[in-house]
Amino acid sequence: MNLTPEQRELGRRNFLKALAGTPALAALGGAIAWKGPVTGGPVRVGFIGVGTQGRALLGVTGPPFADVRALCDINPTSLQKADEVLATNKQPPARHYAEWQDMLQKEDIEAVVMAPPLWKHAELASGCLEAGKHVLCEKMMAWDAEGCERMRAAAQASNRVLEIGYQRFYSALYQSAYEGIIKAGVLGDIYHSRLAWHRNGNWRRQGEPPSKDYDPSKWGYPTFEHLLNWRLYWKYSQGLFAELASHQLNVANWFFDSKPEAVSASGGVYRFKDGREVYDHVYGTFEYPHGRTAVFSSIESNAFDDYYEMFMGTKGTLIIIREVEALLFEEGNGERSTSVAVSARGEGPAAETTETQPANRPGGPTTAARAEGQVDRRASSRSEVERFCAAVRVGTPIACGPDRAIGSAVACTLANHAIEKKTRLTV
Amino acid sequence: MIQSPAQLSRVQQVSLVLLRTLIGWHFLYEGYFKLLRPAWTRAGAPLAGWTSADYLNAASGPLAWIFRAAAGSSWLPWIDTAVAAALVAVGLLLILGLYTQAACTGALLLLALFYLSAIPTRGLPEPRSEGAYLLVNKNLVEAIAVFVVLAFRTGRIAGLDRLRAHDRNRSAPLRTDEALV
């Protein structure tokens, strides 16, 4: 999203102005705080999958709401790096496991935070739920719709908390935008949303196996390269729609209060013909009830547009850029910049998530925007884990359970099918 | 000279017992809340385990160095548990009116410690305090209230002490001026 500094400043001011008078979100939960405390210490947590994303979650998990007891990963190097995260946060070391069943059997844990490759979500999450553990599973919910349903059924049958890790639901910025702009009708009637996540880089990672004789084949990865770059192969991944679009589509579902009814899409491996299977360019059109449409694009060849969610209504336009900056423009006489706004200033993420780490992030002129008003993206992830633990311990509601997450997961997998079949598919 | 319960009016007796009960509740819940932690609010906010370290480290006044030394000692976990348990015990006994005189003595000792750890000598708003105090603060006022409860032997007005005394009276009746109401 490229605007002049003046436009951005105007947009920020408009957003904050529009929010004036919106009750503080914190106050909503405060009404029941008088009832007195509930016994119980930090939730005893085990981690499954401590790659980049798992470690990002690990970095925001700890006292006073969580006690990390064990780490599980089939890659010893990842476990080693996870140890460093715990040490950095001055937390005691956690025991290591390669097999998640061993961890569940031997550890006195109540909950599991997991971020394994997508194809394993359904199996691992369902297994943990069936073992009586609460689960916070990194997005996307599962590799296919059947997997999502399996997870939802396991959560219901076991009466355990299942949360899918979409940190935007815990962002004060998004919550404010929803309560103060969308729900308040500031945008008027919204018919269109534009979702973009543009990067200029190779998604492929470089790394050495943990040892010369390391063999991940017993876990389903023929080579270490497949384990390292699981996002690039259909067996394990659903590509850009799962890793990027599902975040933004979930916001569209939230703000539209509905789910896509039909999907059409195009894409392919256009730039990086290096053996990868998943597309490096995708374009999807998601049709919602009442004539609403969200259009998503993700390209790996140009970062100028960066990433953002834009909602276009009859009275105004809301743009949320890079999760940290919100702008509001009123409609009127064809003039674009009548107003805008955000956001608490804060440090950038101390632990980059998979999507935002430098190798995956756009460079070029758009990065200058980082210096402007920002919210702490890491705070959203921390809040996500904390609220999950609260749901486990006290039973407070979670923001993104299976019912909500399944909508974007199904639509995203369907988008890949639409590309494959070159047709429009109904959900 | 302190009056015996029989010489107090009904309103005076009720006031004293009410004062004792409320002080008891104050102590009991303070201790219970400390022992309860780590805990969670109903709204889902975690409450970390309680330690007196912050309180001791923030000690002020002429005796502050003693309390700060305690904060850094290996005894701290023991101090934490002892303070919380003492608060609960004193509170419970005051509410029940059981061993009231001993409970009052314990309450006075605790309040004296709390007062001495932060004697308000500056006459300015202090950290962890909602007002400005000079020498007299709420700990001191509560201590005097406890002293009143102690002096009037309120366990003999209402409480389990009265039953204990009643049992003794069966074998050795009290003199007239010690008769219970």
Side-chain angles (χ1 to χ4, degrees), chain A residues 23-45 60-69 89-92 110-111 113 134 136 161 163 169-170 172 175 379-380 382-401, chain B residues 21-58 71-74 76-92 94-96 110 114 127-130 138 142:
Chain A
L25 290 169
L28 301 176
I32 55 172
W34 63 272
K35 286 183 178 174
V38 177
T39 56
V43 174
R44 301 183 300 278
V45 173
V60 296
T61 304
F65 52 87
D67 178 11
V68 179
R69 297 287 182 91
N89 289 343
K90 296 183 171 59
Q91 292 184 50
E110 303 163 270
V113 177
H134 305 275
L136 168 56
V161 176
E163 166 131 41
F169 286 96
Y170 292 95
Q175 289 172 345
S380 303
R382 182 180 171 86
S383 177
E384 173 185 278
V385 181
E386 182 173 342
R387 299 312 299 171
F388 168 71
C389 290
V392 169
R393 184 63 79 233
V394 191
T396 47
I398 53 173
C400 191
Chain B
T21 306
L22 295 186
I23 293 171
W25 174 254
H26 184 207
F27 273 73
L28 175 63
Y29 192 76
E30 277 280 349
Y32 166 77
F33 188 61
K34 287 174 172 57
L35 290 176
L36 182 74
R37 293 168 69 172
W40 294 73
T41 68
R42 300 271 176 187
L47 302 164
W50 177 76
T51 173
S52 58
D54 292 343
Y55 185 89
L56 294 170
N57 279 322
S73 76
S74 58
L76 188 65
W78 185 89
I79 293 171
D80 290 344
T81 306
V83 167
L87 286 167
V88 167
V90 164
L92 209 54
L94 286 176
I95 289 173
L96 295 174
L110 286 168
F114 301 155
R128 299 176 284 113
S129 162
E130 70 276 26
K138 291 179 182 177
E142 187 167 16

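Proteins get letters first, then strands, A, B, ... in listed order; numbering begins at 1 in each.
Between B:P38 and A:P64 there is no side-chain heavy-atom pair separated by less than 4.5 Å.
The two atoms that bring B:R42 and A:V394 nearest to each other are O-CG1, 3.4 Å, heavy atoms only. When all heavy atoms are compared, the tightest approach of B:L47 to A:P37 is CD1-CB, 4.0 Å. Heavy-atom minimum distance, A:E386 versus B:P46: OE2-CD, 3.1 Å.
Within residues 27-35 of chain B, the residues having any heavy atom under 4.5 Å from a heavy atom of chain A are, by residue number, B:Y29, B:F33.
Not one N or O on the side chain of B:W40 forms a donor-acceptor pair closer than 3.5 Å with the backbone of A:T39.
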